[in-house]
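Within every chain, numbering begins at 1; the chains are lettered A, B, ... in the order of the sequence lines, protein sequences first and strands thereafter. Quick caveat, the model's predicted, so the values are computed rather than measured.
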Amino acid sequence: MDEKYFPEQIETKWQQHWEQAKAFEVREDDPRPKFYCLEMLPYPSGFLHMGHVRNYSIGDALAWYKRLQGFNVLHPIGWDSFGQPAEQAAIKRGVNPRDWTEENIAHMRGQMKRLGISYAWSREIAAHRPDFYKWDQWFFLRMYDRGLAYKKKSPVNWCPRESTVLSNEQSSGGVCWRCGAQVEKRDLEQWFFRITEYAEQLVEHMKQIEDGWPEKVLKRQRDWVGRSEGAYVDFAIKDSDEKIRVFTTRIDTIFGATAVVLSTEHPLVDELLEASALKNEVMAFADKVKAEKAARSLAPEEEEVKEGMNTGILAINPFSGERIPVWVANYVLIEYGTGAVMSVPAHDERDFEFAQKYSLPIRRVIERVSHGQESIPHDATSEDQSIAMPHAFTDYGILVNSGDWSGKLSEQAIVELTRFAQAHGFGQAAVTYRIRDWGVSRQRFWGAPIPIVYCEHCGMVPVSDKDLPVRLPERAEFTGSGQSPLAGVADFVNTTCPNCHSPARRDTDTMDTFVDSSWYFFRYCDPHNDAAAFDPELAKQWTPVDQYIGGDSHAVMHLIYTRFWTKFMRDIGLVSFDEPVKRLLTQGMVTNRIEGTDEWKAMSKSLGNGVDPDEMITAFGADAARLFVLFAAPVENELRWSETGIEGAVRFLRRVYTMVWRWQQRLSNQETNSEAVEFSESARALRRKTHQTIAKVTSDFEELHLNTIVAALMELFNELSAFEAQPANASAADAFVVREALESLVLMLAPFSPHAAEEMWEHLGHAGGLLASGHWPQADAELARREELEIPIQVNGKLRSRVLASPQVTEEELRTAALNDKKIRSLIDGQQVVKVIVVPQRLVNIVVR
RNA sequence: GCCCGGAUGGUGGAAUUGGUAGACACACGGGACUUAAAAUCCCGAGGAUCCGGAAGGGUCCGUGCCGGUUCGAGUCCGGCUCCGGGCACCA
């Protein structure tokens, strides 16, 4: 041990020790309870950024804590190594995506090792390696077997810059989630996973995780799934056998329907207009809307103007028999519900706006329930109330002008009208969801090939399991054009049919990379299995994940897909639970000031406010960088980068290190190891602080309040520094107390700054390091108890004095002590004491008048 | 527009869930060491104001704003303001 703290030396030394000792590898036959600590796997862009450092520092702190507490901790890492950047590099610079990816992984792995994150490296996985994506393909086939993977021609979100299809999640807001380009609509044959089949469970099972997941994430998922209860209602069409089915959540307003409005893309539009004189006009309108929709993606912020056209067709309101016009309009979504709505201008903002524009009648059928109202308003209101209503009235209320249902409350009417529709065969209760099936086809090279071939005779045929993986070819042409580069690789495309062995062609699309991340953490349980994605028995020992940590940018994509995937794996018998992750932590962003401004933004190269973790490690050491990152803000908050802050962390580590250096000689004497009988008052105070700190740190770890843990450790250190005994003159009892404090401090520091902790632990007489588990200190409640309490005394709620009392003081004694306090007596002299409130062990408040 | 968060010193943030507001740190100021600087160590500090030669001590105000509940409110309730985020024609 050097007298001075040299982080670089210490860190290199312990990283080697850990590697040699395989300190963080785990075995399934370990009898201790398991803990699965997982951080979101990174994309191998080539360089870690501070967001990664924060993510892994949080995860590693927890992994260390649990390990020290005696858990068998699985803490793995891998690479989300399929995806666009590798392919972009191939297009722009002609490099091989595989080489590019492997080089990036090698560099980032080195950075992680320099940070000293305690990963079980033998379990490292990478999505782009055939032994991994083989199982993507295997899962695809299982989806296919069950009808959960299907192909359909559909308008897809198309990123023109990257020449690829995006999922709904990846194109939310009309822009590409990756490059920000405006998304266009195109019709392509695409593979989909039937996530909608699991929509109900995705909502329902939130109950199982609501204690462990941030409400913010659950809410976004709930919104994304968009469960909505309502009813289908069929409107018959005059002079036709066809019906228009609409979905509504407000069947109670149906007597106010003054039109039925179809999406311009509704299949019935064509058919119904066959005989209509307006056919050409309406079709022209539909084309115009379609063109506008495609163009609109160029300026998505722009609010769309509602436009429509009367088709001249009449629909029949099944409740009233009334004939109302059928319109087509651009504001009705084909993707949601049935692609058709009943228009109730009086009670829906959108219909109101539309009706005003086209002078459709606005008929009020719901009245506000006034407070205490008993009587029912009668149906005396006039037909057209557009003048009387400045807005749509969208609240629930009481029905008017609604036939037999007038006078009923909305809630009740909804139930009764739905039941009536069902009984008469023109409707039924229905639940709809906003979530759409997950489009997984990508016209890209750098992904898992879709294991399907097309045979002239047999049509679409799945590849046999035994022929997996369908390997990516070594080379391809990267033109950046629309087709998958795989289409140009003859060796890849041309194959034989698994069925009839005649010539066939492979599907040339690859899978969305979110497929990899949907199940990767199950692979860590059994990473080298070449007979299965994982052995269910091994997975059972580790999963579900106890704590997952990552950015909240994945709140709806990855974190919904992985929940879906888990339910699917449950259904094919691989796992026995519904939810893959018990606790989720969404860490805050790391931001830095943009030079010359007062703006704090996420670090990024393009903004020029990035901080290179390597430089941090070189300048201050990994231990200090990690300590600072965890201390500077609560884990879920934004973290504002500060150079001086990290210097403070170095200073703290240096001070602790120096303290250990100063005491190590004295503490090597065995007598300091056994507890003395008598301790001085100040020694007892230090012990008290030690045990109070242990208790606080332990409970804060359970909540991942890492910043307050560091503060508590600093407090303990400050008290230790102020302790009067010095190494040269310390009694055995004093030395014992110092040892207890120092050892506890070093152990509790290990999750934050493990290298320095190892070094100090060794020099406190524990050769062999911290590697063995089970060292976490135990708080002794007896020793942590205060010998004397300082009780604040208030008069009329204002702090006026303090008295000292023993922790055993009774309420009565406290009251007396407060009233007899000199200062208090002079203050309340001559006034009437109305009441004395005594909070045991806490405070006394004297109320006077 | 709708739905969530949040607002505490110069700064990041603490506060046992209704009980001494500002822990811990950064930045800052003063001092020691030094020829000097850096490093290190010690001390100070919410604001205003008063008493005292000093050490110290007192009073008032103070957790975005207004109001309420309570012996007591950063914490609970009602009404706002501002900031951040999510969704965005989902019938």
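- None of A:T698, A:T693, A:D700 except one satisfies the side-chain contact (heavy atoms from CB on, under 4.5 Å) rule with A:I709; the exception is A:D700.
- For A:R640 and B:rG12, the CZ to C1' distance is 9 Å, given to the nearest whole Å.
- Donor-acceptor pairing under 3.5 Å, judged by distance alone, is absent between the side chain of A:R800 and the base of B:rU59.
- Here B:rG58 is the nucleotide among B:rG19, B:rA27, B:rG58 with the atom lying nearest to any side-chain atom of A:K823.
- Using a cutoff of 4.0 Å between basic side-chain nitrogens and carboxylate oxygens, A:E307 and A:K288 are scored as salt-bridged.
- Note: A:F247 and A:Y336 have perpendicular aromatic rings, judged against thresholds of 30 and 60 degrees for the angle between ring planes.
- Aromatic ring centroids of A:W224 and A:Y433 lie 6.0 Å or more apart.
- Contacts of A:G648 with the nucleic acid, taken as non-hydrogen atoms under 4.0 Å apart, involve only primed sugar atoms and P, OP1 or OP2.
- Distances were taken from every side-chain heavy atom of A:K835 (C-beta onward) to each of B:rC71, B:rA91, B:rU20; the shortest belongs to B:rC71.
- Counting any heavy atom pair closer than 4.0 Å across all strands shown, A:R651 reaches sugar-phosphate atoms only and no base atom.
- Distances were taken from every side-chain heavy atom of A:K798 (C-beta onward) to each of B:rC89, B:rC61, B:rG19; the shortest belongs to B:rC61.
- When Watson-Crick and G-U wobble pairs are counted only if both distances are under 3.5 Å, B:rU69 pairs with no nucleotide at all.
- A:K4 comes within 4.0 angstrom of nothing in the nucleic acid, heavy atoms only.
- A:V341 comes within 4.0 angstrom of a nucleotide base, judged by non-hydrogen atoms across all strands.
- Residue A:R220 has no polar side-chain atom (N or O) positioned under 4.0 Å from OP1 or OP2 of B:rG85.
- Distance from the side chain of A:R434 is smallest to B:rA88 among B:rG72, B:rG58, B:rA88.
- The nucleotide B:rG56 finds its pairing partner in B:rC51, both defining distances of the Watson-Crick or G-U wobble pair being shorter than 3.5 Å.
- Here the nucleotide nearest the side chain of A:L799, chosen from B:rG19, B:rU20, B:rA27, is B:rU20.
- Under 4.0 Å is where a charged nitrogen must lie from a carboxylate oxygen, and between A:E215 and A:R222 at least one such pair does.
- Nucleic acid contact class of A:R842 (heavy atoms, under 4.0 Å, all strands): base.
- Note: CG (A:L630) to C1' (B:rA25) measures 14 Å, nearest angstrom.
- Within 4.0 Å (heavy atoms only), A:D223 reaches no atom of the nucleic acid at all.
- Taking the six-membered ring for Trp and thresholds of 30 and 60 degrees, A:W438 and A:Y561 have nearly parallel ring planes, at less than 30 degrees apart.
- Each of A:L827 and A:E715 lies near RNA chain B, and the nucleotide nearest A:E715 is the one positioned closer to the 5' end.
- Under the 6.0 Å cut-off for aromatic ring centres, A:W661 and A:Y5 do not qualify, their centroids lying 6.0 Å or more apart.
- Between the C1' atom of B:rG13 and the CG atom of A:L706 lies a distance of 14 Å, rounded to the nearest Å.
- Nucleotide B:rA91 holds its P atom 16 Å from the CG atom of A:D395, rounded to whole Å.
- Across the protein-nucleic acid pair, A:K216 atom NZ and B:rG6 atom P stand 10 Å apart, rounded to whole Å.
- Contact check, A:S228 against B:rA91: a side-chain N or O comes under 4.0 Å of OP1 or OP2.
- Heavy atoms of A:V332 sit under 4.0 angstrom from at least one base atom.
- The distance between atom CG of A:L843 and atom C1' of B:rA73, rounded to the nearest whole Å, is 13 Å.
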For every nucleotide of nucleotides 45-52 of chain B, 5' to 3': is a protein heavy atom under 4.0 Å from its base (B), only from its sugar-phosphate (S), or from neither (-)? --------
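- Across all strands shown, A:E349 has no heavy atoms under 4.0 Å from either base or sugar-phosphate atoms.
- Listed for the A:R245 side chain is no donor-acceptor partner under 3.5 Å among the backbone atoms of A:F235.
- The listed nucleotides are B:rU20, B:rA91, B:rU40; the one nearest the side chain of A:R654 is B:rU40.
- Within residues 584-591 of chain A, no residue has any heavy atom closer than 4.0 Å to RNA chain B.
- Here the nucleotide nearest the side chain of A:M714, chosen from B:rA91, B:rG19, B:rC24, is B:rC24.
- Taking syn as a glycosidic angle within 90° of 0, B:rU34 does not qualify and is anti.
- With the nearest nucleotide of RNA chain B identified for both A:F247 and A:N637, A:N637 has the one nearer the 5' end.
- In this structure, of B:rU20, B:rC89, B:rA27, it is B:rC89 that holds the atom nearest to the side chain of A:K306.
- Checked against B:rC24, B:rG19, B:rA15, the side chain of A:F631 finds its nearest nucleotide in B:rC24.
- The side chain of A:N845 sits closest to B:rG72 out of B:rA14, B:rC4, B:rG72.
- Shortest non-hydrogen contact noted between A:G337 and A:T432 is CA-CG2, 4.3 Å.
- The phosphate of B:rA25 (OP1 or OP2) has no side-chain N or O of A:N707 nearer than 4.0 angstrom.
- A donor and an acceptor atom, one from each side chain of A:D252 and A:S410, are located under 3.5 Å apart.
- At whole-Å resolution of the value, CG in A:D700 and P in B:rG13 are 17 Å apart.
- A:R222 comes within 4.0 angstrom of nothing in the nucleic acid, heavy atoms only.
- If you take CD of A:E3 and P of B:rU40, they are 15 Å apart, rounded to a whole angstrom.
- Between A:Y336 and B:rA91 there is a side-chain polar atom (N or O) within less than 4.0 angstrom of OP1 or OP2.
- In this entry the base of B:rG9 is syn relative to its sugar, with a glycosidic angle within 90° of 0.
- Among the atoms of the strands shown, none is found under 4.0 Å from any heavy atom of A:D351.
- Residues A:R434 and A:E335 are not paired through a salt bridge, judged by the lack of any N-O separation under 4.0 Å between the basic side chain and the carboxylate.
- In this structure, the ring of A:F319 has its center less than 6.0 angstrom from the ring center of A:F426.
- Aromatic ring pairs are classed by plane angle as parallel below 30°, tilted from 30° to 60° and perpendicular above 60°; the pair A:H558 and A:H554 is perpendicular.
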